[in-house]
Undergrad: 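First, the structure itself, so that you have it in front of you.
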Amino acid sequence: MRDEQKGWKDIPIAGVCWKPATEYHTGDWRTFKPVRDQAKCTKCLLCPMICPDTAIKWNKATEDIEFDYNFCKGCGICAHECPVDAIKMVREGA
Amino acid sequence: MVATISWKFTAREIAEKPELFTSGHRACAGCGPAIALRQIMKATRGPTIVTNATGCMEVVSTIYPYTAWKVPWIHTAFENAAANASGIEAALKAMKRKRRLKQEKVDVIAFAGDGGTFDIGIQALSGAAERGHDFLYVLYDNEAYMNTGIQRSGGTPHGASTTTSPGGTDIPGKTQMKKPIADIMVAHEIPYVATASIAYWQDLLIKARKGLEAEGPAFLHVFAPCPRGWRYDTSKTIELARLAVETCIFPLWEAIDSEYSLSPQSKIMTLKPERRKDVREYLKMQRRFGHLFKPKFEHVLTDIQKIIDKRWNKLLKKCSMT
């Protein structure tokens, strides 16, 4: 990690950020993990719209919803708002 | 003037649109403003430059060396998001005049929190509105300075407990009212002013797009609950954003060329008053209002209801709904 860090001479002028945040995985903050019931899900696309972390994505190729557990912080908004109760919050590691 | 709407936002279309505000930002779990930013960035129509006042969203989205933005993004101090947006817009105009701009049209969005708008940034915002720069100013309102540790701001509602207006045995939280910022912006006679809530994403997207298409300054007041500062369970963010509209504590409306009109979500409260919910239902869910439910502060609850009714009736008059 140390040699990856830049010294003050190498930092871009005005401290411009150069790494995409998608390299930083926020998924390990999570206590509860959302698990979707495939049979119940109607693919209404509400959860991808209201996820604060873009952790629920619409896969165009498979025409299905995908959870990205690398970024899900486990807030539970998707489970709380799901109109058909297809998402359950399960304790991580249980 | 605001252009006639020739687009429609369907869930499918929006879900397939690339994310301009990506994951990996370090907002708290269940962050309301992060949802607001995501949704608004989905409403952009082409090349966009974003400027962000200091605040929660600036801090969490660009922790050096990481950035969650896929658009040109500029951080500014607390007070000058609008001044910065004015400068960007003026520069774009000059570049276009000198034929150095390849793009036909570049949109400018300024994001600021309630501290950076109600209190610190209002001078720059008022100036930019007066000079008539073509940009969209988005205020994500989480009703206090959350990023520095929940200090009260001009946007904190009456009775809310914050670290600088603590609700105790003698003081019932903040004793002052919330500043009607959107009405102040309408008074500037700018082409577009609207209020929106993250619970109604379609309404929010349409309003954001209208604001971008308006020729001249546009102001969008977005209600975005904060689980840390309001002290509620992280999963209730959207529910609270919806309850705020259903209790009329935060009505949704837009003003095109200073002509007020209620949005459907709020209009239903006048057409079917039985759908309107008791404000206690909204207050009870948040621990920042917890002290108000002691018998001693019963009068504050009635005061809050009175303020809401007064503002709601005033709004109905402006929308010629009475």
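All values below come from the heavy atoms of this structure, side chains included, with hydrogens, waters and symmetry mates left out. Residue numbers begin at 1 in each chain, while the letters A, B, ... track the order of the sequences.
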Undergrad: Can you see which heavy atom on A:Ala21 is nearest to which on B:Thr22, and at what distance?
TA: CB-OG1, 4.4 Å
Undergrad: Enter the distance from A:Cys47:SG to B:Ile238:CD1 here, rounded to the nearest 0.5 Å.
TA: 11.5 Å
Undergrad: Is it the case that atom NZ in B:Lys284 sees more than 12 heavy atoms from other parts of the structure closer than 6.0 Å?
TA: no
Undergrad: Answer with side chain, backbone, both or neither: which region of A:Tyr24 has an atom nearer than 4.5 Å to a non-hydrogen atom of chain B?
TA: both
Undergrad: Using only atom types and a distance under 3.5 Å, with no angle test, would you say the side chain of B:Gln39 pairs donor to acceptor with the backbone of A:Met49?
TA: yes
Undergrad: Look at A:Glu81 together with B:Arg242 and state whether they make a salt bridge at an N to O cut-off of under 4.0 Å.
TA: yes
Undergrad: Are A:Lys73 and B:Cys31 side-chain neighbours, meaning at least one heavy-atom pair lies under 4.5 Å?
TA: no
Undergrad: With a 4.5 angstrom heavy-atom cut-off, which part of A:Leu46 approaches chain B: side chain, backbone, both or neither?
TA: side chain
Undergrad: Enter the distance from B:Ile63:CD1 to A:Cys17:SG here, rounded to the nearest 0.5 Å.
TA: 9.5 Å
Undergrad: Is the shortest side-chain N to carboxylate O distance from A:Lys57 to B:Glu16 below 4.0 Å?
TA: no
Undergrad: A side-chain contact here means heavy atoms from C-beta on lying under 4.5 Å apart; do B:Phe21 and A:Thr54 qualify?
TA: no
Undergrad: Measure the spacing between CD of B:Glu13 and CH2 of A:Trp58 and express it to the nearest 0.5 Å.
TA: 14.0 Å
Undergrad: What is the minimum heavy-atom distance between A:Pro12 and B:Tyr64, and which atoms define it?
TA: CD-OH, 3.6 Å
Undergrad: Quick check on B:Arg45: does its CZ atom have over 12 non-hydrogen neighbours (other residues, nucleotides or ligands) under 6.0 Å away?
TA: yes
Undergrad: A quick test of your reading: do over 12 heavy atoms of other residues, nucleotides or ligands sit less than 6.0 Å from CZ of B:Arg228?
TA: no
Undergrad: Indicate yes or no for a side-chain donor-acceptor contact from B:Ser235 to the backbone of A:Ile77 under 3.5 Å, with no hydrogens or angles considered.
TA: no
Undergrad: I would like to know whether A:Lys43 and B:Arg12 meet side chain to side chain contact (heavy atoms under 4.5 Å, CB included); could you show each step before the answer?
TA: CA-CA 10 Å; A:Lys43 296 177 194 171; B:Arg12 185 76 175 257; over 6 Å; no
Undergrad: Between the main-chain N or O of A:Pro52 and the side-chain N or O of B:His25, is there a donor-acceptor pair closer than 3.5 Å?
TA: yes
Undergrad: Does any non-hydrogen side-chain atom of A:Thr26 lie less than 4.5 Å from one of B:Arg26?
TA: yes
Undergrad: Against chain A, label B:Glu19 side chain, backbone, both or neither, depending on which of its atoms sit under 4.5 Å from a heavy atom there.
TA: side chain
Undergrad: Would you mind reporting whether A:Pro20 and B:Thr67 have side-chain heavy atoms less than 4.5 Å apart?
TA: no
Undergrad: Is A:Cys51 close to chain B through its backbone or its side chain, or both, or neither, when contacts mean heavy atoms under 4.5 Å?
TA: both
